[in-house]
There are 2 protein chains.
Amino acid sequence: MTNNTDQLPARQQQALKTRQKLLQAGKEVFLENGFQKATISQVIKKAKTGYGTAYVYFKNKDELFITLMEDLMNQFYEVAEMPFKPQAKEEAYENIKKQVRLFLQLALDERDMMKVVKEAIGVSPEIEEKWYGIRERFIERISVDIRYAQAQKLAKEHLDPALTARGWFYSNEMFMWELVMNKGKYQLDDVIVNLTRMYTGGLYE
Amino acid sequence: MTNNTDQLPARQQQALKTRQKLLQAGKEVFLENGFQKATISQVIKKAKTGYGTAYVYFKNKDELFITLMEDLMNQFYEVAEMPFKPQAKEEAYENIKKQVRLFLQLALDERDMMKVVKEAIGVSPEIEEKWYGIRERFIERISVDIRYAQAQKLAKEHLDPALTARGWFYSNEMFMWELVMNKGKYQLDDVIVNLTRMYTGGLYE
DNA sequence: TTATATCATTGACATAGTGTCAATCAAACA
DNA sequence: TGTTTGATTGACACTATGTCAATGATATAA
C-alpha cells in the first residue's frame, strides 16, 4: 500500500507529519487526563513541537478533540443507518435487540474514548452539537422504523412516532453512558433484554 | 415576621449579610452568563465586596452554585417521594401521568435556572454528583413502585424492577432537558401522554 | 548556483482567570 | 480605654489561552 503523501513535496509531507504528531499526542493526553485537564502545553510537549504550532493546525482544544472523535462518531452514524423491515412482531423484537447491542457494544469497545467524549460534551458546546447530530440521526431513523411498523399494523397507532422514537433513544443513550462510566455494574445482556421488552411490550399486563 | 438575625451580634449579622449579597449577586451572574462564563470577579463586583471575600464564604464557583441550587434540588426530592399505591391499571396510569407532569412542570417553572444547572452538571463533577443523587432517588422510588405493581399482579413479572425504573426515568429526564432547552418545540401534554402510554403499554400490539 | 519567495514553525507576550494570605479594619470584650 | 477577635481586602503567584512578528527551511526563478 503506497502512502498518498509520497507524491507530495517535502514541505507538505512535513506539515502532514506534524499534524499527525499533534493528533497522536492529543489522543494520549486526552485519554490520560480527560478533556478538561488536558492542556495544549501537554500536547505540544508530547508531540515535540512549539506551542504555536498546535494553533496552526487546530483552532483550539475543542477542534483538536473533534478531529480525534470523528472516526468513532462515523461508526455511530453507521449503526444508526441499519435497515429495519420486520414482517412480524418477533422479527421486530430480534432486529431491535440486534441494533441495541451494536450501539452499546460500539460504545463499550471504545470505552476509554467514550468517557472523554462524555466529559467533552458537557464542557464544549461545539462537541455537544456533534453528539446531538448523532442523536437526531438515530431518532429520525427510529421514527421511520416506527411508522413502518405502524403501517404494517405491528405497532400501536396511537403513539406518536417522533416522540416515541425520542423516548426510546433516550433510554438507550443513557444506559450506554451508564455502562461506559460504570463498567460491570450491569450485565450487558440484562440491559438489552429489559430495554427491548419494555419498548415492545410495556410495563403493564 | 421577625428575622432570626435580630438577636445575633452585629458582627455576625454583617457576615450573614455579606454572604447573602454574594448569593444574590451569584444568582444574577449565573443567570446572565451561564455557568462557565460566570467569574468570581463578576460576582464580587455585583455584590460590592473585595475579591477575597467570596473565598471566605465559598470554596469556589462550584460551591457557590451548589448553594444556589439547593432549594430547587430539594423540590425535586419532594417530587421523587410522592406516594404510589394504585389498585388498578387505570389508577396507575393516572398516578404516573401526575408524577411525570409534576417533574416536568417543576423543571419548566425554573427553566432559566435549570438551563444553568444542565451546563453546570457537564462542567463540575461535584454538581454532577448532586444531580446523580436526585436521579438515583427517583430510580429507587420508581423501583419500589414497580415491585408493588408486580405484587398486585398489575405489572409484568418478567421485567427487572431496577432496570425498568432506570430506563423509564432516563426517558423522563431527557425529555425534561429537551423541554427546558427547547421551549415550545414539543407540547408538554403530548410528551406526558406519549411517555406514559409507552411506559405502561409498550409499542407493539 | 544563487537570490528570492513562500510558508511551516516558534516562543515571547498580552490577556484573563484562579485561589491564597499577610495586612487592615472594626466590633466585642476586659 | 486598650486588647483581642474575626471579617474583609487586594496584591500576588500561578496556570492556561490565543496571537503574532520573527525565524528558518524548502521551493522556485534567474
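A, B, ... follow the sequence lines: proteins, then strands. Residue 1 opens every chain. From a predicted model like this one, the values you see are computed outputs, not experimental measurements.
Whole-Å rounding puts the B/Lys45 NZ to C/dA16 C1' distance at 14 Å. For B/Gln13 and D/dA7, the CD to C1' distance is 14 Å, given to the nearest whole Å. The distance between atom NZ of A/Lys17 and atom P of D/dA25, rounded to the nearest whole Å, is 15 Å. The distance from atom CD of A/Gln12 to atom P of C/dA8 is 8 Å, rounded to the nearest whole Å. The interatomic distance linking A/Ile44 (CD1) with D/dT17 (C1') rounds to 13 Å, in whole Å. Atom CG of B/Leu16 is separated from atom P of C/dA27 by 16 Å (rounded to the nearest Å). The interatomic distance linking A/Arg11 (CZ) with D/dG24 (C1') rounds to 11 Å, in whole Å.
Comparing atom distances between the A/Val56 side chain and each of C/dT10, D/dG18, C/dG19 picks out C/dT10 as nearest. Closest to the A/Gln14 side chain, of the nucleotides C/dT9, C/dA28, C/dC7, is C/dT9. For B/Thr53, whose side chain is taken as the heavy atoms from C-beta onward, the closest listed nucleotide among D/dG6, D/dG18, D/dT9 is D/dT9.
With 3.5 Å as the limit, one finds no donor-acceptor pair spanning the side chains of A/Tyr132 and A/Glu136.
Taking side-chain N and O atoms only, A/Tyr55 has no distance below 4.0 Å to OP1 or OP2 of C/dT10. Phosphate contact (OP1/OP2 of C/dT9, side-chain N/O of A/Thr49, threshold under 4.0 Å): absent. Between A/Thr18 and C/dT9 there is a side-chain N or O to OP1 or OP2 distance below 4.0 Å. Contact check, B/Tyr51 against C/dT18: a side-chain N or O comes under 4.0 Å of OP1 or OP2.
Checking each of A/Leu195, A/Asn194, A/Val193 against A/Val191 for a side-chain contact (heavy atoms from CB on, under 4.5 Å) leaves exactly one that passes, namely A/Leu195.
Aromatic pair A/Phe169/A/Phe103: centroids less than 6.0 angstrom apart.
Around CD of A/Gln187, the count of heavy atoms belonging to other residues, nucleotides or ligands within 6.0 Å does not exceed 12.
Scanning residues 19-40 of chain A for heavy-atom distances under 4.0 Å to DNA chain D yields A/Thr39, A/Ile40.
Each ring-ring contact (aromatic ring centres under 6.0 Å, His included) pair with one or both residues in residues 181-202 of chain B, not counting sequence neighbours, appears once here: B/Trp168-B/Tyr199.
Taking CE of A/Met176 as the reference point, atom CD of A/Glu173 lies at 5.5 Å (rounded to 0.5 Å).
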